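Take a look at the structure below.
Here is the naming used below: chain letters follow the sequence lines, and residue numbers restart at 1 for every chain. Because the structure is predicted, anything quoted here is derived from the model rather than measured.
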Protein chains: 2
Amino acid sequence: MTDSKRPGKRERLAGAAAKVLHEQGVERTTLADIARAADVPVGNVYYYFKTKDQLIQAAIDEHGRELDTLIAGLDRLETPQERLKGLVRGWMSRPEMTARYGCPTGTLASELDKRDDGLDKAIAAVMRRVLDWVETQFAAMGREDARELAVALFAAYQGVSLLTNTFREPELMTAEGRRLERWIDSLA
Amino acid sequence: MTDSKRPGKRERLAGAAAKVLHEQGVERTTLADIARAADVPVGNVYYYFKTKDQLIQAAIDEHGRELDTLIAGLDRLETPQERLKGLVRGWMSRPEMTARYGCPTGTLASELDKRDDGLDKAIAAVMRRVLDWVETQFAAMGREDARELAVALFAAYQGVSLLTNTFREPELMTAEGRRLERWIDSLA
DNA sequence: GTCTATATTGCGATAGAC
DNA sequence: GTCTATCGCAATATAGAC
């Protein structure tokens, strides 16, 4: 039996990493920041994660799990249109957070691309799972251009996240969400 | 009369900053990197720019000038549709560069948002000039929803830049460029 | 397993010779 | 105006006491 009150330190560190790396960015986040957010002493971090890279990897896994959960829920819906609109609603469900910090996976992908460790591949793999799922939905709608549409939909979300963040205007995201739902309905 | 062979050191530093900050990212670029790219001794940088922030500002101005030049050229075209398609072609004209390093202004906006200096406002102002111009074109086409369409078009570009970069697939960008041109034609 | 103290490195910025 | 040498600091990572 472990402590019944809250998750173990490893889990707390992984969760804090996902949150703080999103809010502050990878480069400006120190191990001390993550340790403080997880309520774990700084020096103790290295017992659970040997390097900062391993903490970033844990954050990527965390985001991947969240997206997998979202998509697993959507798979219970009847039609591909409903599933895609559900994804759009899930993506656009936190406009205030996006205005403040951007898309968790998108900002991470952008930052990790500039590093020479291999972590850009890890975040790309997470995003590719989403892209493939979207393509499957468009294919189920009988679209020959399913891949291209999947890229367009994912790009619309990523792009509006960046603009919403840059201009600090949550309304941009909600308006684009409505537009994309109409667009999906129009494709059938 | 100044040296006739190449631009002065200040201009060389500003140009090198725009290039290197795009390629390596703001946080991972050192003043030594920029100095080397500009062929200026490290210590001498401070004669022209007192802080790293001032060099970043110079890079933002550089990108702003490039976008203004592009748009000034487009304003000579006859119809708003032609002008918008011209912008799309301009945006999508370097897919290989985008696959390697992302959109120069988009990646900068994403990174500067995480800093506490005021530079995120400066890059946002540059991007707002472009967004406003796009809105003007849609308005000239008689669209009531010009702002929303402008956000959608700009977001489509920013989003596909991020995906093109993340997946290292220049083809994503060229395909989306064609799709957006067809979309503009369909709106008239 | 937990935590403190510290070694090490790399960068932004400065002092000052020329 | 130009450039070298170096200071001061912050952050990752480690050593080792408890």
Side-chain angles (χ1 to χ4, degrees), chain A residues 1-60 108 111-112 114-119, chain B residues 1-60 108 111-112 114-120 122:
Chain A
M1 284 289 275
T2 68
D3 186 301
S4 62
K5 288 174 76 174
R6 56 175 181 172
K9 295 194 178 181
R10 193 185 174 84
E11 287 69 32
R12 293 217 306 280
L13 282 166
K19 176 180 160 68
V20 179
L21 290 175
H22 175 215
E23 292 178 356
Q24 305 191 351
V26 174
E27 299 295 340
R28 297 187 77 83
T29 296
T30 69
L31 296 177
D33 291 334
I34 297 175
R36 191 175 335 110
D39 196 28
V40 167
V42 226
N44 201 357
V45 171
Y46 287 92
Y47 180 74
Y48 298 96
F49 298 94
K50 295 206 195 316
T51 62
K52 184 177 181 178
D53 276 14
Q54 288 188 10
L55 263 169
I56 300 170
Q57 179 66 59
I60 293 170
L108 206 46
E111 248 188 312
L112 293 180
K114 306 300 187 192
R115 297 173 65 102
D116 32 10
D117 48 42
L119 290 171
Chain B
M1 286 289 276
T2 68
D3 186 299
S4 62
K5 289 173 75 174
R6 58 176 180 173
K9 295 193 178 181
R10 193 185 175 85
E11 287 70 33
R12 293 216 308 277
L13 282 166
K19 177 181 160 67
V20 179
L21 289 175
H22 174 216
E23 293 178 357
Q24 305 191 352
V26 174
E27 299 295 341
R28 296 188 77 82
T29 296
T30 69
L31 296 177
D33 291 334
I34 297 174
R36 190 176 335 109
D39 197 27
V40 167
V42 224
N44 200 358
V45 170
Y46 287 92
Y47 179 75
Y48 297 96
F49 298 93
K50 294 207 196 315
T51 64
K52 184 176 181 178
D53 276 14
Q54 288 188 11
L55 263 169
I56 300 171
Q57 179 66 60
I60 294 171
L108 206 46
E111 248 188 314
L112 293 180
K114 306 301 187 192
R115 298 173 64 102
D116 34 11
D117 48 42
L119 291 171
D120 53 342

Minimal non-hydrogen separation, Asp120(B) against Asp117(B), with atom names:
OD1-O, 3.7 Å

Looking at Arg28(B) and Glu27(A), what are the two nearest heavy atoms and their distance?
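That closest heavy-atom pairing would be NH1-OE2, 3.3 Å.
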
Whole angstroms only, please: what is the [atom1]-[atom2] distance between [X] and [N]?
X: Asp33(B); N: dG12(C); atom1: CG; atom2: P; value: 8 Å
X: Glu27(B); N: dA11(D); atom1: CD; atom2: C1'; value: 13 Å
X: Arg12(A); N: dT2(C); atom1: CZ; atom2: P; value: 10 Å
X: Tyr46(B); N: dA17(C); atom1: OH; atom2: C1'; value: 19 Å
X: Gln54(B); N: dA13(C); atom1: CD; atom2: C1'; value: 13 Å
X: Lys52(B); N: dG10(C); atom1: NZ; atom2: C1'; value: 12 Å
X: Asp53(A); N: dA13(D); atom1: CG; atom2: P; value: 7 Å
X: Gln24(A); N: dA10(D); atom1: CD; atom2: P; value: 16 Å

Quick check for you: to the nearest 0.5 Å, what is the distance between Arg12(A) atom CZ and Ile34(A) atom CD1?
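It comes to 14.0 Å.
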
Comparing nearest nucleotides in DNA chain D, the 5'-proximal residue of the pair Val42(A), Tyr48(B) is Tyr48(B)

If you pin Arg28(A) and Lys50(A) to their nearest nucleotides in DNA chain D, which one's is more 5'?
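Looking at DNA chain D, the more 5' nearest nucleotide goes with Arg28(A).
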
Nucleotide of [options] approaching [X] most closely (side-chain heavy atoms):
X: Leu31(A); options: dA13(D), dA13(C), dG1(D); result: dA13(D)
X: Pro41(A); options: dT12(D), dC3(D), dC3(C); result: dC3(C)
X: Tyr47(A); options: dG1(D), dT12(D), dT2(C); result: dT2(C)
X: Lys9(A); options: dC3(C), dA13(C), dT12(D); result: dC3(C)
X: Asn44(B); options: dC3(D), dT2(C), dC3(C); result: dC3(D)

Donor-acceptor pair, distance only, cut-off 3.5 Å: does the side chain of Lys52(B) make one with the backbone of Thr29(B)?
yes

Answer with base, sugar-phosphate or nothing: what part of the nucleic acid does Phe49(A) contact at a heavy-atom distance below 4.0 Å?
nothing

Does a salt bridge link Lys19(A) with Glu23(A), judged by any charged N lying under 4.0 Å from a carboxylate O?
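Result for this pair is yes, salt bridge flagged.
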
